[in-house]
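Before any comments, here is the structure.
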Amino acid sequence: MATLSLRQLTKTYEKTEVLHGIDLSIEDGEFVVFVGPSGCGKSTTLRLIAGLEEATSGDIEIAGRVVNNLEPKERDIAMVFQNYAIYPHMTVRKNIGFGLRTAKMSRADKEARIDEVAAILDMTELLSRKPSQLSGGQRQRVAIGRAMVRDPAVFLFDEPLSNLDAQLRTQMRLEIKKLHQRVGNTIVFVTHDQVEAMTMADRIVIMKDGHIQQVGTPDEVYHAPANTFVAQFIGAPSMNMLQGVGAEGGISLPSGIQFRGPLAPNGVPLVLGVRPDDLHLDDGEPLVEGQVAVREPLGHETLIYVTTQGGEIIAKADGRRPPDVGETVRLRARPDRVHIFDAATGQAIR
Amino acid sequence: MAVVEEIRASSEALLSAKAPRKPANMGQIIRWLLLFGGGILMVMPIAYMISTSLKWPHEVYNVNLIPVEPTIENYTFVLEDGRFYGWFINSIIIATITTICNLLFDSLVGYTLCKFRFPGRYIIFIAILSTLMIPTEMLVIPWYLMSQQFGWLDTYWGIMFPGLMTAFGTFLMKQFFETVPDDFIEAARIDGLNELQIWWTVAMPLVKPALAALAIFVFLGNWTAFIWPLIVTNSVEMYTLPVGLSGFGDEADVAWELIMTGAAISTIPTLIVFLIFQRFIIRGVVMAGLKG
């Protein structure tokens with residue numbers, strides 16, 4: 001187990017800088033998830049930590065020592081790859097034991113360690129099989145087993161669940177989380193799936209265009225997004241964004257509605273963000289008003305797409321009695337559930 | 001019951017009825033004829049080789065495929081001639097060592113060109129490929145002069161050195177290594193293996209079909225090589241099988257029946273190698289997108 005620090009980390013490919021000075025500290029035993037859209041630099045950051053790419057500038061520190069100039073094998077890390085990277089010509093036992101080839105251990109100790117890891121991952125029965133005889137989930141467990149067997153200071157996971165079907169992904173998510181609780185190693189996990197990030201992480205690092213947008217617990221990034229990007233990236237369906245202007249005691253919306261509540265700078269263009277979960281059908285003073293254009297029944301609730309003067313808004317309605325398509329609805333939100341962003345910078349105002 | 005019997009009868013009738021035969025169309029007939037003709041064309045030289053090996057000298061110039069008086073006398077003569085075994089051993093040694101060297105060197109260079117990024121990589125690859133455009137006949141004189149300078153004439157090394165690594169093999173291996181995902185290499189790197197170990201332990205087992213195909217190509221090429229071994233060898237003891245066989249006969253006449261007998265015997269090892277590895281060779285050719 002170990003801490004991990006990134007200090008002013010940059011990476012340039014030819015003339016293009018893809019990481020622009022990443023600063024991050026990860027605590028010992030923490031489960032940190034890097035999340036962001038494709039090309040945001042999350043996998044590059046992971047590869048820099050692993051030593052598979054060389055940092056252009058900045059420092060990477062694992063367990064208190066700068067590892068920039070160390071080979072991957074000297075960094076005391078293990079990595080699980082997106083497409084598992086388990087060797088098709090080796091049995092599960094050989095695959096799991098592969099990481100111990102260079103370890104200074106007796107053969108008996110190595111075998112015992114493989115058996116121990118296989119038992120943790122519930123794979124003892126599969127040790128003599130070849131990867132082609134395994135299911136996707138089992139292959140993923142072999143890949144995790146190969147990483148575990150060396151008991152590294154830091155585990156790196158590069159989108160390991162993206163090749164699995166939805167059901168298996170949910171199951172593996174839970175297994176990895178349980179595994180972390182059991183072994184307690186520091187884990188850096190990369191994904192583009194915000195649900196994976198929210199469900200697994202102690203802290204989430206949200207990235208965009210080579211910059212960290214926000215670092216926080218799942219609660220923090222969901223309930224107090226640092227900017228409009230985080231607000232819209234985290235949560236499904238995305239947060240609704242309404243253009244407005246700061247007014248006396250609230251925000252003035254283009255529809256003419258004065259939203260009272262949050263204090264906003266007078267006359268400044270703002271963006272008002274509200275999650276679909278926080279919008280309710282209510283006959284009282286509305287935040288927005290419009291016609292239901294589309295309904296998406298999900299069983300216990302129905303998503304309604306409402307056409308308003310400020311654009312399309314998504315809200316959630318009762319699954320048993322949703323409004324009809326074409327019906328005019330008034331949607332209300334509690335002032336403390338509304339997020340205010342500076343329209344120019346996109347940064348949260350409160 | 002009557003209904004069951006009725007169903008049984010009709011189903012039996014259906015099962016026993018022969019499937020209607022599709023009439024062959026003209027295109028298919030032409031294709032078969034072409035294939036048949038091609039097959040005959042391919043087999044004829046081998047058939048004539050075996051036929052001639054079973055003929056008496058006076059019958060050699062008869063074009064008939066079936067010998068009038070078949071004999072195994074030629075086989076007895078060739079196998080009792082001590083030189084044949086020496087040539088056979090020479091060919092085995094040369095073809096085997098050259099094959100092993102090609103497997104090692106071609107795959108090492110192919111792997112390096114495929115999996116490492118370094119300046120000039122593309123130029124080196126093109127330079128290697130461009131050697132495919134130079135005919136062997138053009139290289140024979142420089143090779144000979146080089147062999148003479150280094151004292152390699154009439155030695156195994158002299159026969160083998162031009163073929164220890166080939167551009168074709170390098171290209172074939174590079175193409176195959178492209179199919180090995182980089183994640184495998186990187187995973188092994190993280191697991192602590194050095195680059196040579198990764199090549200040997202991870203990459204090589206994953207390109208076994210290519211190695212088998214390359215082994216067959218190189219082995220056959222060296223087994224049948226004629227011009228260079230003929231030029232570089234002086235003593236009869238150093239001859240390879242094709243060179244030795246060409247010398248059967250005397251100044252007045254060429255003993256075709258003995259040459260064909262030796263050739264027939266010498267095809268046996270190549271035939272065995274090919275039969276064992278033919279599924280690999282086909283896959284190798286398909287994946288490399290090359291003709292053998």
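As the structure is a prediction and not an experimental result, all values here were calculated from the model. Below, read A as the first sequence line, B as the second, and so on, with proteins coming before strands; counting in each chain starts at 1.
Separation of atoms CD (A/Glu53) and CD (B/Glu186) is listed at 7.5 Å; rounding is to 0.5 Å. The distance from atom CD1 of B/Ile185 to atom CG of A/Leu52, rounded to the nearest 0.5 Å, is 11.5 Å.
Using a 4.0 Å cut-off between charged side-chain N and carboxylate O, A/Arg146 and B/Asp191 make a salt bridge.
Here ring-ring contact (aromatic ring centres under 6.0 Å, His included) pairs that include residues 94-152 of chain A, with residues two or more places apart or in two chains, are A/Tyr87-A/Phe98.
The part of A/Arg47 that comes within reach of chain B is its side chain, from C-beta onward, which places non-hydrogen atoms under 4.5 angstrom from that chain. Interface remark: A/Ile86 contributes backbone atoms only to the contact with chain B (heavy atom separation under 4.5 Å).
Heavy atoms from other residues, nucleotides or ligands lying under 6.0 Å from OH of B/Tyr122 number 12 at most. Within a 6.0 Å radius of CZ in B/Phe36, other residues, nucleotides and ligands contribute 12 heavy atoms or fewer. When the shell of 6.0 Å around CD1 of B/Ile227 is examined, it contains 12 or fewer heavy atoms from other residues, nucleotides or ligands. The environment of CD1 in B/Ile126 is crowded: more than 12 heavy-atom neighbours from other residues, nucleotides or ligands sit within 6.0 Å. Counting non-hydrogen atoms of other residues, nucleotides and ligands closer than 6.0 Å to NZ of A/Lys94 gives a total of 12 or fewer.
The closest side-chain heavy-atom distance from B/Phe184 to A/Pro88 is below 4.5 Å.
Of the listed residues (A/Ala85, A/Ala103, A/Pro72, A/Ala147), the greatest number of heavy-atom pairs within a distance under 4.5 Å of chain B belongs to A/Ala85.
Of all residues in residues 195-204 of chain B, those placing a non-hydrogen atom less than 4.5 angstrom from a non-hydrogen atom of chain A are B/Thr201, B/Val202.
The two residues B/Ile190 and A/Ala78 come nearest to each other via the heavy atoms CG2-CA, 4.1 Å.
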